[in-house]
Structures are given as C-alpha cells and as structure tokens.
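Single-structure report; data block below.
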Amino acid sequence: MRFLLDDEQREFARSLDALLKAADTPAVVRAWSAGDHNPGRALWGRLAEAGVFGLSVPEEHDGLGFLPVELAVAFTELGRHAVPGPLVETVAAAVLLDGLGDRHTTWLPGIASGKTVVTLRPPGDDSPYALDADMADLVLVVTGDTLRAAGSTSSVQPSADPARRLSRPTGGTVLAEGPHVRRAAEHAADVGRLATAAQALGVGRTLLDRTVAHVRERHQFGRPVGSFQAIKHRLADVLISLEFTAPLVRAAALSLASAAGDSGRDIAAAKAAAGDAVHLAARTALQCHGALGYTDELDLSLWIRKARPLRTAWGTPTACRARVLTN
Amino acid sequence: MRFLLDDEQREFARSLDALLKAADTPAVVRAWSAGDHNPGRALWGRLAEAGVFGLSVPEEHDGLGFLPVELAVAFTELGRHAVPGPLVETVAAAVLLDGLGDRHTTWLPGIASGKTVVTLRPPGDDSPYALDADMADLVLVVTGDTLRAAGSTSSVQPSADPARRLSRPTGGTVLAEGPHVRRAAEHAADVGRLATAAQALGVGRTLLDRTVAHVRERHQFGRPVGSFQAIKHRLADVLISLEFTAPLVRAAALSLASAAGDSGRDIAAAKAAAGDAVHLAARTALQCHGALGYTDELDLSLWIRKARPLRTAWGTPTACRARVLTN
Amino acid sequence: MDLDFSAAEDAFRAEARAWLAAHVPGTPLPSLETEQGFAAHRTWERTLSADRWSVVSWPEEYGGRGASVLEWLIFEEEYYAAGAPGRVSQNGINLLAPTLFEHGTPEQRARILPPMATGEVIWAQAWSEPEAGSDLASLRSTARRADGGWLLNGQKTWSSRAAFADRAFGLFRSDRSGVDEGRPHRGLTYLMFPLDADGVTVRPIGRLDGKPAFAELFLDDVFVPDEDVIGEPGQGWRVAMSTAGNERGLTLRSPGRFTAAADRLTRLWRDRADPSDTALRDRVADAVIGARAYQLFTYAGASRLAAGGSIGAESSMNKVYWSELDIALHETALDLLGPYGELADRADEAPEHGSWADGHTFSLAGPIYAGTNEIQRDIVAERLLGLPKGRR
Amino acid sequence: MDLDFSAAEDAFRAEARAWLAAHVPGTPLPSLETEQGFAAHRTWERTLSADRWSVVSWPEEYGGRGASVLEWLIFEEEYYAAGAPGRVSQNGINLLAPTLFEHGTPEQRARILPPMATGEVIWAQAWSEPEAGSDLASLRSTARRADGGWLLNGQKTWSSRAAFADRAFGLFRSDRSGVDEGRPHRGLTYLMFPLDADGVTVRPIGRLDGKPAFAELFLDDVFVPDEDVIGEPGQGWRVAMSTAGNERGLTLRSPGRFTAAADRLTRLWRDRADPSDTALRDRVADAVIGARAYQLFTYAGASRLAAGGSIGAESSMNKVYWSELDIALHETALDLLGPYGELADRADEAPEHGSWADGHTFSLAGPIYAGTNEIQRDIVAERLLGLPKGRR
C-alpha cells in the first residue's frame with residue numbers, strides 16, 4: 001500500500017500546471033465563452049502533446065493506454081486552470097469508441113493527438129444537451145442500445161457558466177447497435193463521472209487558493225479580512241471538504257484502473273463529495289470576496305460559475321448517493 | 001390585524017413564568033426522572049389552578065373553552081421551565097374526549113382541575129409508546145376507528161430524556177368506535193402537535209438564554225468566550241431560528257382557533273420549524289458550554305435532552321414537511 | 001391577537017389585484033440589468049404611477065396613496081403574486097425617499113419625489129468605495145466647499161444600476177478631522193448628483209452573469225449646489241443611518257417576493273418533480289415554511305409599528321433570514337430542474353423565461369450587499385444577545 | 001500508487017479476524033462508563049493482551065507485536081468490524097504511552113507499559129481544570145518540590161473514567177515565573193500519580209446520560225516521587241505536545257470505528273428504513289462516503305509516514321472531520337429508528353442493545369474534547385491556510 005501519487009504522476013501534474021499557467025487560461029475561457037474557439041483549440045493541441053487525451057486511448061491506437069489515475073491527475077489540473085471545452089466528453093467518448101472496437105477505433109488516434117474533438121450527451125443522464133457540440137468534430141448520442149453520430153445540433157443554449165455551450169444533437173446516422181453499446185456507454189459514463197469529479201476538485205482548489213490570497217490582502221476595519229474568525233472557519237471548512245474529497249477521487253481512479261471491486265460505487269462516492277466540496281468552495285469564495293466576487297470581470301467568476309454545472313453534470317448529487325448504496 | 005399577543009395573554013405568560021420560577025422545576029424534573037412523581041403532581045395542580053389544563057376543556061365541563069393561542073403561550077412557558085409529565089398528552093386527550101362527546105366528557109372536569117392526568121399514544125404516529133403511562137390516571141390508545149382505555153402498561157422504557165418515561169399500553173376496554181373516533185383523534189393530534197411545537201420553542205429559548213449567560217461569564221484566553229466571532233455567529237443563528245419559529249407557532253394557534261384555512265398545514269409548518277430550532281439550540285448550547293454542557297449535573301442537560309424527543313414526537317420533521325405540501 | 005384584514009384592507013387588496021391583473025405584462029420584460037430592459041422597466045414605472053401604484057406608502061401629494069405599512073405589505077404580496085416586473089426605481093424609493101421624508105427640506109421633497117414616483121428620474125446609490133465595503137465609515141471620496149455648493153472627488157463602486165440611471169446619492173467626506181481623531185463616522189456629508197454631470201465617468205461592471213448590474217463612478221471636481229445636500233453638512237452618517245433600521249427598512253425585501261417565489265416553486269415541484277424524491281420535497285417544504293415565517297415575522301413587526309413600537313437591530317435578523325432563504329429557494333428550483341437548471345436566463349430553452357436562473361444570480365448577492373451577513377450576525381449577537389463586542 | 005495490502009498484511013488481517021471471531025463476546029459488555037462495565041472491559045483487556053492483541057503497535061518487549069501503522073489500521077478495522085468492546089485502556093495507550101516512548105526513561109517504560117498492556121493498571125488523563133479548558137496553558141494546579149519528589153495541589157476536571165481508573169497523568173505548574181512573564185506554557189511539569197494516593201479525592205461526574213464517564217480530582221499535598229516525572233521538570237508542555245500530532249495522534253479515532261459504524265448503519269437502513277425516503281437515504285450515503293473518505297485520508301497519512309514524512313496540523317482537520325461525521329452518522333441512525341430512536345441505551349427495548357443511543361451520547365462529546373472544533377478550525381486556518389492569527 002502506497003496511497004500517494006508517485007514521482008512521475010506528481011511531475012505530470014506539475015508540468016500540466018506549468019503549461020496551463022503559461023497559457024493564460026482566463027483569456028482562453030473568455031474567448032471560448034464568446035464563441036471564439038481558436039485559443040482553446042490551440043491549447044487543446046498542447047494538452048494533447050502533454051498526453052492528456054492519450055490517457056484514455058490504447059497504445060495500439062497511438063494513445064498511452066487506459067490510465068485512470070493519470071486521468072484524475074490531469075483533470076484536477078484542468079479544473080484548477082478552468083480550461084474550457086468538451087474535455088470530459090472527449091475522454092469519455094474515447095472510452096466508448098474503444099469499447100465498441102471494430103471500425104469505431106479509427107477515431108482514436110485523432111483523439112489522442114488532439115486533432116479530433118468529440119462530444120456526447122452524457123449517457124445515463126437525462127440531459128438533452130451535449131457540451132460544445134457547436135465546435136466538436138464528432139457528436140455522439142447513445143439512446144438505449146443505439147449509438148448515433150448526430151447530423152446537426154440546435155442553436156447554442158448558454159449555460160450559467162458561459163464557457164459551457166450546450167446544444168441538442170439531432171438527426172444523424174446509427175454507428176452501432178446492441179447490448180455492447182450499452183455496456184460501453186456505462187463504462188464511458190463512469191470515466192466521465194470520475195473526470196468530472198477530478199475537475200470539480202481542481203476548481204475547488206483554485207477557488208480556495210484565490211480566496212485565501214484575497215482575504216490576506218484585503219483590509220476592513222483596519223485588519224485583514226482573513227483575521228476574522230468567521231472567515232477563518234469558513235475557509236477551514238472548505239479546505240477540509242477538499243482534502244477529504246481528494247483521496248476519494250484517487251481511490252475511485254485506482255478502483256477503475258484495477259477493475260476490481262465496485263468501481264462504479266467508488267466513482268459515485270467521489271463525485272458526490274466533489275460536488276459538495278466545489279459548491280461549498282464557490283459559495284464561500286463569493287461571500288469572502290464580497291461584491292468583488294460577484295463580478296464577471298474578476299477572474300474568480302470563471303471558477304465560481306463552474307461549481308453548479310460540475311456538481312450536476314455526469315451524475316447529480318442524489319443519483320450518485322443512490323448509487324453508493326446500490327449493491 | 002394585530003399579530004401580537006394581547007396584554008392578557010402576555011400577563012398569562014408572565015404569571016406562569018413566575019409560578020414556574022418559584023417552583024424550582026429542575027428539582028422537580030430530577031425527581032420525576034427518578035420515578036418520584038410527587039413534586040411533579042403538586043406542580044401539576046398549581047398549573048391547573050393557573051388555568052393551563054382548562055384551555056382545552058369547554059366551559060360546560062368546568063374548563064375555559066378551547067383556546068389554542070393561550071395553549072401555545074402556556075406550552076412555551078412549560079418548555080422554558082422544562083416541566084415534566086404528560087402535559088401535551090393530557091391536553092390532547094381532553095380534545096379527543098371532548099370530540100367524542102357523550103359520557104366521555106365525564107373525564108373533562110378532572111382534567112381541567114388537575115385531578116386527572118391522562119396520557120395517550122400519539123394518534124397517527126407510529127410510536128408504540130405512551131408517555132408517563134406509569135403515573136397517569138387514564139391511558140388512551142387509538143387504533144384506526146377504535147379508542148381503548150389501556151388496562152396495563154409494559155415496564156418503563158427510559159428515554160434519552162430521563163424525564164420522559166415511556167411504556168407500551170396493553171389490553172383494556174373499548175371506549176368508543178366509529179369514524180368519529182378517527183376524526184376526533186386527528187383533531188387531538190393537531191392540538192398535540194401544536195403544543196409540542198410551542199414546548200420545543202420554549203426549550204430552545206432557555207437553551208439560548210442559559211448559553212448567552214454562560215459565554216458572557218466564562219473566560220478563556222483572557223477574554224469572554226462570547227466575544228469570539230465563531231461563538232457569536234452560532235448564537236445569532238440560534239436566535240434567528242427561534243425568532244422566525246415563534247410567529248409560525250402563533251399563527252398555527254390562530255389558525256386552529258379560527259378553524260378557517262388549513263390549520264393542519266400551519267401546525268405542521270410550525271412543528272417542523274420548532275424541531276429544527278430546538279435541535280440547533282441544543283447542539284449550540286452543548287458546544288458553547290464545552291465539557292460543562294456535557295454533564296448531567298449542570299441543569300442545562302435537562303433542556304438539552306428534550307431537544308431530540310420533542311423534534312420527533314407528535315410528527316417527525318419529514319412527516320411535517322410532507323404535510324406542509326399536502327393540498 | 002389576529003391575522004385578519006379589515007374590510008378596507010381587503011378592498012385595497014382587491015383593487016390592487018384587479019389593477020395588476022389588467023396591467024401586468026403577459027410575458028416578462030427583458031432583464032432590468034440590460035439597457036433595453038431598463039428602458040422597459042422605466043416605462044412600467046410610468047404605468048404604475050399613472051394609477052398611483054408606484055409608491056403606495058407615500059403621501060398623496062407626492063404620488064402615493066398614504067398606505068399604511070400593512071397596506072404596503074398587501075400591495076407587495078399582490079404585486080409579486082401577479083408576477084409583476086422588478087422595480088427599477090427601488091434604490092430611490094427604498095433608500096433615498098425615506099431619508100428625504102425625515103431629513104429633506106420641503107423644497108427637496110417637492111422637487112425630487114414626484115419624478116422619482118413616475119420613473120422619470122431613476123436613482124442609483126453611491127455608498128461603497130474600493131476600500132470601503134463593509135467598513136463604510138472609512139470613505140475617502142471628498143466634498144470640498146465651493147461657491148454655492150460643493151466639489152466632489154473620488155471613486156465610488158458597486159453603484160447598482162448606475163450604468164443606466166439618472167442621478168445618484170451618497171456620502172462624501174467634507175471634513176477630515178474625524179478620521180484623524182479615530183472617529184471616521186464624523187465629517188461625512190450626504191449629497192445628490194446627476195450621473196451625466198461634468199466630471200462624472202460611469203464604468204459599468206458586469207455581475208456574475210455578465211449583466212451590467214452596477215458601475216464604478218469616477219468623480220473629478222463634480223459641482224453640487226447646496227440645495228442637493230440632505231441634512232446638515234458633516235452629519236451625513238447620522239442622516240443615512242437614521243432611516244436604515246426604521247419601518248421602511250422593511251422595504252428592502254418585502255415578504256411578498258418570497259411567498260410568491262415559494263408558491264411558484266411549489267407549482268414547479270408539483271408539475272415537474274419526482275414526488276417520491278423526499279429529499280427534494282423537504283427542501284421545497286422548507287422554502288414554503290421559510291417564506292411563511294418571514295411573512296409572519298413581518299406582520300408582527302408591522303403590528304408593533306402600528307402599536308407605536310419601533311424596529312431596530314431586528315432588521316439584521318431579517319437580512320440574514322431572507323437572503324439565505326432566497327438562495328436556498330432558488331438552488332432548490334435549479335436542482336429540481338435537473339439539466340435545465342444549468343441554463344443561463346438568456347437561453348431560449350431556460351424554463352419559465354429564465355426567471356429561476358436570473359433569480360438565482362440575483363439571490364447570490366443577498367448575503368453580501370446592504371451589510372454582509374457576517375456584519376449582521378455580529379450586530380444580532382451584540383445588540384440583541386448582548387454579547388461582548390471584542391474585535392470580532 | 002496502490003491500495004493493495006501485502007501478503008504479510010493480509011495474513012495479519014486474517015489472524016486478527018480469526019482471533020476476534022473466536023473471542024469477541026456474543027452480547028455486548030455492559031457500558032464501560034459504569035462500574036460493572038468497567039470491570040468487564042478490564043477483563044477483556046486481559047483477554048486481548050494474553051494473545052498480544054491489546055497494543056499491537058508496541059514493541060514485543062512491552063506486550064506488543066511491533067506492528068506498522070498500516071497493520072495497526074488493519075487491526076482496528078477488524079476490531080470494530082467484529083463489534084469488539086470499547087477500549088477502557090485507551091487513555092493510557094493513546095496518550096501516555098506515546099509520551100513514554102519518546103520522553104520516558106527505560107525504567108519508566110519497563111515499569112509502566114506492561115501492566116498498561118494487560119489492563120492491570122488503567123490510566124486516566126488529568127489535563128483540564130475548571131478555568132483551563134480550551135485554554136490549557138492557564139493551568140493552576142501546582143507541583144511543589146519536596147524531598148525526593150513533588151507535592152501536588154489543586155483541582156483537575158473532566159478526567160475521563162477517573163471514577164474507576166487506577167492512576168492518572170497530567171500537567172502541573174512547578175514554576176510560576178512563566179505566568180508572570182506572560183508565557184504560561186513554561187514551568188509546567190508532566191507527572192503521574194495513583195488515584196488512591198493520600199490526598200486525592202475523586203468525585204465522579206455524570207455525562208449527559210448520567211453515566212460517570214469522568215470525574216473531578218481534588219489534590220491536597222499528594223506526594224509523587226521523582227521517578228514519576230516524565231521528561232525534565234518545567235518542560236511538561238513540550239513533552240505533552242510533542243506526541244499530540246505525530247503518527248500516534250492517529251490513534252485518537254481510528255477509521256475502523258467509522259467504517260464499521262457506517263456498515264452497521266447501512267445494514268440498519270436496508271433492514272428497517274423506508275427505501276423510498278430519499279432524504280434519509282442521502283444521509284446514509286453521506287455517512288458511508290464520509291467514513292470511506294476518512295479511511296482513505298488516513299491511508300494517505302500512513303503512506304506519508306511510511307515514506308518518512310510526518311503529520312502536523314493535518315490532525316486538526318482529522319479531528320473536525322471524524323467528530324462531525326460521528327454525530328451525523330448517529331443522528332441518522334436515531335432518525336431512522338423513529339420512535340425507538342428516543343430510547344436510552346439502558347432501555348430493554350433499545351434497538352441493537354442500545355448501541356446507537358450510547359454511540360450518539362458518546363459522539364456529542366467529539367467536537368468538544370481533545371481541543372474543541374473551534375480551536376481546531378483556528379489551527380487549520382492559521383497553520384494550513386496561512387491566515388493571520390488575529391485575536392480570534
């Protein structure tokens with residue numbers, strides 16, 4: 001037992017962090033929200049080079065193999081830097097396509113290299129929307145035992161997080177049919193749920209970090225806001241919530257990697273905890289920033305607005321809790 | 001509209017408060033918990049003289065009429081002073097017996113005068129227990145359309161609040177049968193629920209008052225504990241919770257008095273809010289008193305231990321919330 | 001004790017309900033935090049005032065109906081139950097007008113109130129500054145004596161709706177000696193100024209959903225004539241605070257908003273929710289109970305006022321209660337809406353014209369403005385519970 | 001990264017499980033907070049120690065098995081999963097023993113540890129005083145130099161299980177100069193003394209359910225020989241604190257307690273709850289998730305220790321987390337039990353031998369002892385987040 005990231009995994013996190021810091025992700029998010037996907041596509045390519053999209057693609061299709069722990073590490077960093085785009089969806093789609101085998105795997109090298117952006121309607125959710133379908137190269141829809149590639153999409157429905165551009169996939173052609181589709185979709189949903197939990201954890205971390213920095217600097221009544229006990233205790237609670245979520249996310253990734261035990265339950269537990277943690281972090285960040293935190297122009301808003309959608313996407317809190325108690 | 005107690009009602013509260021202060025209720029509670037009902041019976045008589053048990057008995061049976069507002073006022077004071085005994089049960093039983101009319105009303109003068117102590121299994125609850133049946137003069141049980149007077153009771157099952165002595169009524173004779181029993185029992189349950197909400201509110205008030213007094217006196221780190229912002233905010237939340245519960249209790253009593261509108265819903269709302277408020281008050285009182293609050297010997301424990309039972313009795317939080325949304 | 005309305009009050013309610021039924025727009029106006037929406041809401045204010053419904057509690061001479069506090073509460077209940085538009089004039093009506101009634105001159109009242117009642121002049125507040133949020137006494141913007149008036153300099157921020165409003169009111173430091181003596185509440189002056197005056201620069205600030213709900217104001221030698229000072233120069237803090245906790249303090253968030261929202265939530269729950277989800281049901285019930293409690297608490301306050309009493313630090317309990325109720329209520333609605341709960345209010349497919357999304361964004365500001373809930377809890381603990389002040 | 005146990009660890013787990021299955025009493029022992037229960041639990045300690053299961057992490061020479069931290073965690077998981085009795089020796093094992101390992105003399109260890117391991121000598125802690133709860137440095141009880149030892153005077157309180165225990169350990173002020181200089185942590189001495197010594201009066205105090213779970217100690221010229229001082233006189237604070245946050249700090253509440261309790265709660269829920277009550281289901285799920293999170297967090301801490309790292313202020317996060325988890329878990333169980341949730345643990349009809357009621361009472365103390373959760377949150381904020389100290 002060594003329930004700690006190894007040196008290589010930590011180094012992977014550090015290198016992604018450095019890459020993303022240098023990329024000025026807030027500007028990328030704002031462009032993406034305005035419908036300008038170019039900076040986001042460029043960043044997507046660099047993330048692919050760093051290996052992010054290879055983590056759910058087998059080596060025979062030019063990926064790095066299926067590596068859930070590294071995937072969780074990567075998505076925590078993507079969350080920390082608020083990277084926009086159908087990141088979770090592309091990774092889940094890779095798992096889905098790989099699970100179908102056959103000619104469907106022809107998409108995989110493009111996914112691994114970053115050339116191909118895929119989105120899908122989260123299987124098992126009751127959402128009619130696919131994220132960022134307006135810019136994706138392939139839009140997948142699973143209905144029961146059937147997989148379709150959507151022919152077109154409805155107009156973009158903006159989310160409360162404007163970086164999340166939702167639309168309804170419509171029409172298109174059937175790519176596969178049969179119970180194997182359902183099984184592959186369930187596996188893909190687990191991967192999507194895990195990646196979303198990791199992303200939410202990363203979003204929560206940045207919300208806390210930025211808020212701590214703010215309350216150390218901001219003075220009211222002649223002293224730092226962060227010296228008030230009410231503020232201290234709220235931020236302590238956020239830290240505790242995040243620190244006890246992180247091992248759940250790591251363990252869920254391990255569980256998925258080993259394919260032993262009930263990884264679906266472990267992932268649901270991680271998602272429920274991460275949803276609570278990021279929600280608490282966002283509420284606290286907003287309150288501790290006061291009116292400043294309520295503005296669109298402070299970059300903090302880019303993270304605050306992610307909290308609620310990530311809490312709901314790929315498994316609502318109550319659906320995840322029900323799953324935890326399912327034998 | 002004058003949504004304030006009138007002078008007479010306020011005077012009634014003040015006189016009960018004075019009576020109960022003089023009665024050293026903590027000693028009465030401790031005796032009652034040990035199975036010595038004498039001081040409690042004596043206090044019962046004085047409460048009857050003050051009119052408490054006449055508030056649910058019609059004038060023709062030597063009572064003061066059915067006065068829900070005064071009942072709520074009285075039970076808030078009874079809660080504030082942690083008075084033991086089947087207070088709610090006797091009042092609810094009076095309503096039940098009065099609702100049946102006929103020879104059942106022969107019990108009412110004794111109830112009003114304090115001579116007769118009645119208990120019953122809360123109708124509609126799924127509890128098998130009646131409170132303080134070991135000392136009551138009459139133990140009632142409603143099952144569906146049937147009212148029985150229990151013949152005997154099982155051994156006392158102590159509650160987490162030792163002043164609440166529970167037992168199972170068994171055997172006995174049928175007193176009445178028919179749909180009018182069910183209707184009368186439903187009305188009695190509403191009265192019991194309202195009285196319990198008022199009692200919980202009173203318990204919460206004393207928990208807050210005693211805790212405020214404590215944290216003003218108790219010093220740690222060279223200053224009063226009550227000057228720490230974390231303590232202040234917790235106590236502010238208790239006050240807010242109680243202050244927004246009080247009007248719900250008053251309005252529910254008015255609603256019952258006027259028999260207009262859906263008084264069952266109003267009472268359920270008051271009970272749900274009072275249950276939350278007293279629970280918060282007890283948790284906060286315990287935490288702000290530290291280890292002192294965790295002791296049996298500090299009188300505070302007499303109130304702390306009431307919180308959970310009152311929250312559940314005569315309508316659990318979730319049953320009350322369901323009722324609030326029932327058309 | 002009773003909760004009964006008089007025949008006159010019932011008649012007033014019936015009149016308000018009938019008027020609203022006839023006049024409230026069938027589809028919601030565009031968001032009042034946008035230029036187009038602001039204009040539409042200004043027009044609505046004119047409609048309201050034409051039949052004297054814009055400022056019911058004011059004396060008739062200024063466009064009101066001399067309504068009692070209770071009548072005002074009744075009007076608000078009907079107003080929100082009818083789904084009527086948000087009030088673009090609320091800063092003026094709720095914050096400036098009470099101050100004018102208490103401290104203004106007859107000339108000021110006659111000049112300022114009627115166009116406020118019709119929506120012809122819409123007011124923004126200018127309290128906060130970048131370094132003075134919760135700690136309002138540490139204001140730095142200045143009012144300097146000039147011939148026949150004052151010259152304003154400095155920066156104000158979080159000025160609600162200043163992007164589109166006509167005039168603003170706020171506190172300015174006219175005398176530094178209070179600061180030097182550690183009594184920063186002294187030496188402040190309450191002034192009014194036009195937002196299009198020379199020297200005023202308005203920079204809109206987007207709120208969380210991007211709408212320019214407030215603005216920064218940069219003031220560079222802005223001239224204000226003496227007639228636009230309220231109360232005595234140097235006494236601005238006292239002037240501003242004297243109306244903060246009185247009965248009109250009620251007007252910040254009237255219970256009608258929340259009872260109407262809880263009713264809408266209940267309908268939404270009946271229409272769209274899985275009735276077996278008791279976790280959600282409990283939250284809907286809590287919103288209903290909370291809105292009712294807030295309404296009843298307010299009725300009790302109104303009864304106390306009618307009996308000659310007053311409302312003091314209790315308004316701090318109010319503030320905490322409604323602001324947290326509002327968030328819980330809207331979060332419940334968004335959770336109930338499942339995947340549609342994520343949509344921005346401007347999305348075509350947003351349920352109920354995006355009103356839940358917009359209301360949620362709006363609710364998130366509740367615990368922050370008008371004194372953060374942290375400050376309010378300090379006040380509750382110190383003034384109502386008598387806990388020692390300490391340094392917090 | 002892995003969560004796999006080695007073959008040796010699996011074998012250790014299997015051995016522990018087999019032993020527990022063969023030895024854990026079929027019906028629970030009487031509450032260890034009663035005289036009869038205390039005696040029964042002391043006997044159980046002897047049974048444990050006979051097969052070297054009472055102090056698995058100690059060296060073999062003192063009755064242990066030299067188990068690693070991970071093996072200890074495994075043992076605890078098996079212990080609580082088997083429904084084994086509470087540990088009446090825990091104050092000695094968790095608080096005094098680590099101090100002796102770090103600061104005791106070989107003679108002290110040889111003399112004190114073996115009878116602690118067998119339950120022959122059961123220890124009570126004597127930290128708190130009436131005026132020194134959270135503010136432990138302001139202790140007033142004194143240790144005065146005497147021939148060959150010290151004379152103790154003063155009053156201690158909240159001494160857990162001192163009503164029935166044999167000996168106690170605590171801090172005493174041996175030098176007042178630190179107090180006068182505003183450095184009250186200085187001049188304290190760590191001493192051990194028998195509870196039946198001349199001059200010791202023990203007054204039991206009932207906890208919320210009346211059981212004498214702790215006691216007040218009155219000390220009147222109680223003689224303690226020099227051999228019963230741990231570390232240097234005057235250095236008691238450093239001695240006591242040095243073991244508070246290290247790996248043995250883990251032992252205060254091992255994850256096994258909570259994973260076992262969450263499993264029991266899940267079974268209770270499956271057996272007795274209305275499955276359509278999703279509000280309750282969510283709370284049960286949260287208890288399961290919370291217990292698992294606490295277990296995994298502890299595995300990570302153990303891994304860090306095994307890799308040569310240390311545990312510092314993180315133990316404050318631990319404390320807040322498990323204490324609030326414990327209350328939530330037990331409140332969920334009591335709510336699930338409906339009318340039976342009210343019964344005291346001694347009631348004949350209390351479900352599962354009253355274990356939920358007893359566990360609930362026990363849980364309520366969690367946020368108070370071992371440093372209140374308010375103090376822990378201050379520590380988390382200041383040491384882990386780097387927020388300014390302020391006066392709180």
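Just so we're clear, the structure is a prediction, and the values are computed from it rather than from any experiment. Letters A, B, ... mirror the listed sequences (proteins, then strands); counts begin at 1.
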> Tell me, side chain or backbone of B:Leu286 under 4.5 Å from chain D's heavy atoms, or both, or neither?
Replying inline: both
> So which part of B:Tyr129 gets closer than 4.5 Å to some heavy atom of chain D, the side chain, the backbone, both or neither?
Replying inline: side chain
> CG of B:Leu131 to CD of D:Glu342: how many Å apart, nearest 0.5 Å?
Replying inline: 7.5 Å
>> Can you confirm whether D:Pro339 sits close enough to B:Asp126 that some side-chain heavy atom of one is under 4.5 Å from a side-chain heavy atom of the other?
In response: yes
>> Less than 4.0 angstrom from a charged side-chain N to a carboxylate O is my criterion; do D:Asp335 and B:Arg308 meet it?
In response: yes
> Closest approach of B:Gly293 and D:Leu208, non-hydrogen atoms and distance?
Replying inline: O-CD2, 3.7 Å
>> With a 4.5 angstrom heavy-atom cut-off, is it the side chain or the backbone of B:Ser155 that approaches chain D, or both, or neither?
In response: side chain
> Tell me, side chain or backbone of B:Leu298 under 4.5 Å from chain D's heavy atoms, or both, or neither?
Replying inline: neither
>> Using heavy-atom distances under 4.5 Å, tell me whether D:Pro184 contacts chain B through its side chain, its backbone, both, or neither.
In response: neither
> Tell me, side chain or backbone of B:Thr316 under 4.5 Å from chain D's heavy atoms, or both, or neither?
Replying inline: neither
> Atom CG of D:Asp135 and atom NE2 of B:His219: how far apart are they, to the nearest 0.5 Å?
Replying inline: 11.5 Å
> Do D:Ile327 and B:Arg283 have side chains that get closer than 4.5 Å, going by heavy atoms?
Replying inline: yes
> Checking B:Gln287 side chain against D:Pro367 main chain: does a donor-acceptor pair fall under 3.5 Å?
Replying inline: yes
> Is the shortest distance from a Lys or Arg side-chain nitrogen in B:Glu297 or D:Arg203 to a carboxylate oxygen in the other one below 4.0 Å?
Replying inline: yes
> Mind checking whether B:Tyr294 and D:Phe214 have side chains closer than 4.5 Å, heavy atoms only?
Replying inline: yes
> Does D:Asp378 reach the side chain of B:Phe228, with side-chain heavy atoms less than 4.5 Å apart?
Replying inline: no
